[in-house]
Amino acid sequence: MSRQASDTRLLIDPLGRRIDYVRLSVTDKCNLRCFYCLPKGYRDFGCREDYLTFDEIERVIGAFADLGVRRIRITGGEPLVRKDLSGLARRLSSLPGVEDLSLSTNAMLLAHNAGSLRAAGVQRLNVSLDTLRADRFREITGYDGLDQVLDGLRAAKAAGFSPIKINMLALKGRNDDEVEDIVEFCIEHGFSLRFIETMPVGTAGREASNHYINLNEIKARLAKIYDLVPSVMSGGGPARYYRITGAGTYGSGLHIGFITPISRHFCDTCNRVRLSADGTLHLCLGQENSVPLRPLLRQGIDDEGLRQAIVQALMLKPARHEFREKPEQIIRFMSSTGG
Ligand code: SAM
């Protein structure tokens with residue numbers, strides 16, 4: 001029997017929030033060791049049998065699409081370390097109901113993959129980049145890779161991704177003096193920019209908390225240089241956007257977003273769930289509520305059963321994270337949940 005294009009049910013959680021966005025992690029492995037994400041030298045990743053196969057991923061995302069999910073973001077770990085990611089992207093972008101397929105990457109492997117990902121239906125790209133200085137890149141990520149990332153960004157531009165958003169984690173004492181430089185870099189290249197507050201996710205995230213900056217500080221600094229006009233940007237995410245004006249021809253189009261999970265959380269409007277690489281459905285980045293879908297898939301659950309399991313899982317979606325009240329709570333790493 002062919003799959004329905006859309007179920008009559010929608011995913012609405014007990015608080016009335018409509019879920020139309022899935023962040024899909026395809027691996028917990030990463031080719032960088034950003035100090036706020038993974039401990040130095042960490043290698044305790046899942047093994048092949050742990051990960052959902054492409055067939056299993058397609059089934060789960062198909063079930064979500066039947067239930068009204070329209071946006072899928074592929075993430076990780078570093079998604080490009082998973083073999084044939086473009087092949088998976090092609091399958092997901094062809095699913096009935098999937099309207100927007102995007103990718104989060106550190107861009108280390110993007111130069112060789114940008115063209116095939118774009119051809120496979122990935123439309124939008126988020127690239128994590130915390131510094132434009134090669135020595136700091138090494139200090140923050142543990143690897144010499146800045147040139148590779150910049151090559152990846154060039155290839156992404158040439159491949160026609162739109163928009164390309166740079167995600168910069170603002171880290172006191174590590175990169176906060178580069179805020180203006182990264183704005184200028186994004187103006188020059190026509191990228192959008194989002195600043196993100198550090199979250200106490202996993203031991204590495206907690207240890208990085210002493211580098212936390214309230215993004216109001218960054219915004220106030222930028223407002224002294226640029227006119228920041230409140231704006232919106234497509235993508236369904238939690239960033240509060242401003243458009244820069246008064247910065248010349250190029251600057252007038254730049255969007256800057258501020259993602260403030262700590263200083264001003266956005267849980268009331270949360271529209272997402274996360275599927276980790278091992279098939280666990282996480283209902284919240286900052287809580288333990290989760291449902292393992294992999295055993296159901298491997299025990300042969302049918303499509304209707306899978307949809308029911310997802311609808312049931314939504315009942316567990318908590319009201320909000322408690323990063324401020326209980327920073328010790330989330331022991332899993334960002335890369336294992338799917339960032
Ligand atoms: N490898 C991909 C990338 O670099 O975008 C996707 C996964 S990565 C875990 C996704 C995002 O999570 C990155 O932008 C990273 O900066 C962010 N991240 C990791 N640990 C974090 C933390 N403790 N607090 C806030 N953001 C974090």
Side-chain angles (χ1 to χ4, degrees), residues 23-40 42 45 72-82 85 102-110 113 117 122 124-131 136-137 140-143 145-146 148-149 152-153 156 161 164-172 174-175 182 191-215 235 237-239 257-263 265-266 272 274-277 282 285-286 321 323-324 327-339:
R23 292 181 74 99
L24 162 71
S25 172
V26 292
T27 181
D28 57 346
K29 295 194 178 92
C30 193
N31 46 0
L32 296 179
R33 290 291 178 280
C34 301
F35 75 92
Y36 49 76
C37 186
L38 282 173
K40 204 171 174 184
Y42 183 83
F45 297 113
I72 308 295
R73 172 168 295 278
I74 302 173
T75 180
E78 170 48 42
L80 287 172
V81 304
R82 179 113 184 215
L85 189 72
S102 56
L103 173 75
S104 287
T105 176
N106 60 30
M108 290 286 284
L109 300 172
L110 192 57
N113 290 292
L117 286 165
V122 178
R124 301 183 297 114
L125 211 56
N126 285 1
V127 172
S128 304
L129 179 59
D130 299 330
T131 177
R136 281 199 184 162
F137 188 95
I140 292 174
T141 70
Y143 288 87
L146 182 62
Q148 241 171 285
V149 172
L153 280 169
F161 287 98
I164 298 173
K165 294 181 185 168
I166 303 295
N167 282 344
M168 179 190 193
L169 209 67
L171 299 157
K172 196 177 277 298
R174 299 299 289 261
N175 66 1
I182 204 130
F191 302 142
S192 302
L193 173 61
R194 282 117 53 91
F195 296 106
I196 306 176
E197 288 178 347
T198 316
M199 293 176 273
V201 185
T203 47
R206 262 192 306 286
E207 279 166 24
S209 293
N210 51 343
H211 297 288
Y212 168 78
I213 311 178
N214 181 324
L215 287 184
F258 297 89
I259 303 183
T260 56
I262 307 298
S263 64
H265 75 76
F266 30 81
R272 65 197 52 201
R274 290 178 155 81
L275 183 68
S276 61
H282 292 277
L285 182 61
H321 69 69
F323 286 138
R324 279 162 80 127
E328 72 295 343
Q329 183 154 289
I330 296 304
I331 53 167
R332 54 180 197 268
F333 299 115
M334 189 75 152
S335 79
S336 89
T337 313

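Bear in mind that the values here come from a model prediction, so they are computed numbers and not experimental data. Ligands are counted one by one from 1 in listed order, and the atoms in each one are counted from 1 as well. Residue numbers count from 1 along this sequence.
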The residue among Ile182, Leu153, Val127 that forms side-chain contact (heavy atoms from CB on, under 4.5 Å) with Phe191 is Leu153
Measure the distances from the heavy atoms of Gly76 to every atom of ligand 1 and state whether one is below 4.0 angstrom.
yes
Any N or O of Thr198 closer than 3.5 Å to N or O of ligand 1:
no
Proximal atoms of ligand 1 relative to Glu197 (non-hydrogen, under 4.0 Å)
25 (C)
If you take all heavy atoms of Asp130 and Asn167, which pair is closest and at what distance?
OD1-O, 3.9 Å
As an exercise, state the distance from OG of Ser25 to CZ of Arg274, rounded to the nearest 0.5 Å.
10.0 Å
Nearest candidate to atom 7 (C) of ligand 1, where distance is taken over non-hydrogen atoms, out of Gly77, Pro261, Ser128:
Gly77
Applying side-chain contact (heavy atoms from CB on, under 4.5 Å) to Ser192 and Ile164, what does each step give before you reach the verdict?
CA-CA 6 Å; Ser192 302; Ile164 298 173; over 6 Å; no
Contacting atoms of ligand 1, where contact means under 4.0 angstrom from a heavy atom of Gly205:
23 (N)
Look only at interatomic distance and state if Tyr36 has a nitrogen or oxygen under 3.5 Å from any nitrogen or oxygen of ligand 1.
yes
Shortest non-hydrogen separation from Phe45 to Cys30 and the atoms involved:
CZ-N, 3.9 Å
What do the steps show when you test Thr105 against Glu78 for side-chain hydrogen bond (donor to acceptor under 3.5 Å, both in side chains), and what is the final call?
CA-CA 6 Å; Thr105 176; Glu78 170 48 42; 2.8 Å; yes
Examine the proximity of ligand 1 to Thr75 and report which part, side chain or backbone, both or neither, has a heavy atom under 4.0 Å away.
side chain
May I ask you to list the atoms of ligand 1 that are less than 4.0 angstrom from any heavy atom of Leu169?
25 (C), 26 (N)
Would one find an N or O of Cys37, backbone or side chain, under 3.5 Å from an N or O of ligand 1?
no
Does the side chain of Ser102 come under 3.5 Å of the side chain of Arg73 through a donor N or O and an acceptor N or O?
yes
Given that the side chain starts at C-beta and the backbone is N, CA, C, O, which of these parts of Thr105 lies under 4.0 Å from ligand 1, counting heavy atoms, or is it both or neither?
backbone
